[in-house]
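Here, residue 1 is the first one in the sequence, and each next residue gets the next number. For ligands, and for the atoms within them, numbers begin at 1 and follow the listed sequence.
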Amino acid sequence: MTRRREVEVGRFGLEPAPGGLRLVQSLINTSLSDHQGQPEQDLLAKPGTANEWLSRALAEWSAATGQQVAGRTVRRAELEALCAFREQLRHTLRAQAAHIEAPAPREPGTAAAFDMVVTVHPDGHLGYGTSAPGWQQVAGLATAELLLAGAAGTLPRLKTCAAPECGACFYDGSPNRIRVWHNTQMCGNLPNLRASRARRSTS
Ligand SMILES: [Zn+2]
């Protein structure tokens, strides 16, 4: 008897990135670029939806990585910093999408630093996590996952949609890593249409 693989679908109809990278994806997809700060659309706009998201995202990260995590909560005063970190990630990953003009870099800000904890257990199992408090916990774990993905060579596959108003985060599993839209029908059609009109008008 064969069982069909259940395809897990996350926010915006996207499959989760593999392993712990799903935490980075989940954090970015708490909002689209144009929906920042809108309570109905941005899960980090209010402490209630932010903490619901956080406990779910940390549980999923723990299940995907086999790492332990002590769930923490974020306070209203921390949401601005977490949102700024989210947008920094969105901006950084957008530049990874090939075949598009990279957006102009933002003004250089202050580097964010997070305390990390790495552990070697007696059975040889390696653990990693962070002792950082509040919003820095999830930001520190996301940063660790980016580092690990960079070492594993999977980081270039994590992208944010090239449509400026969208910016949804997706994992490009295509052989040539050429995807630039999170959903070609939704986000790729307008620029494709403009490009084909431009080609027709110059031919
Ligand atoms: Zn998109």
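Annotation: side chain of Q25 is in contact with side chain of P16 (closest heavy-atom distance under 4.5 Å). Side chains of L126 and V120 form a contact here, defined as non-hydrogen atoms less than 4.5 Å apart. Between L89 and T160 the shortest side-chain heavy-atom distance does not fall below 4.5 Å. Here the side chains of T154 and Y171 are in contact, with some heavy-atom distance below 4.5 Å.
Scanning all heavy atoms of the two residues, the minimum distance from R86 to S31 falls at NH1-CB, 3.3 Å.
Residue pairs meeting the ring pair (Phe, Tyr, Trp, His ring centres under 6.0 Å) criterion with at least one partner in residues 44-73, sequence neighbours excluded, are W61-Y128.
The set of protein atoms (N, O or S) found at less than 2.8 Å from the Zn ion (ligand 1) reads C161 SG, C166 SG, H182 ND1, C187 SG, by chain and number.
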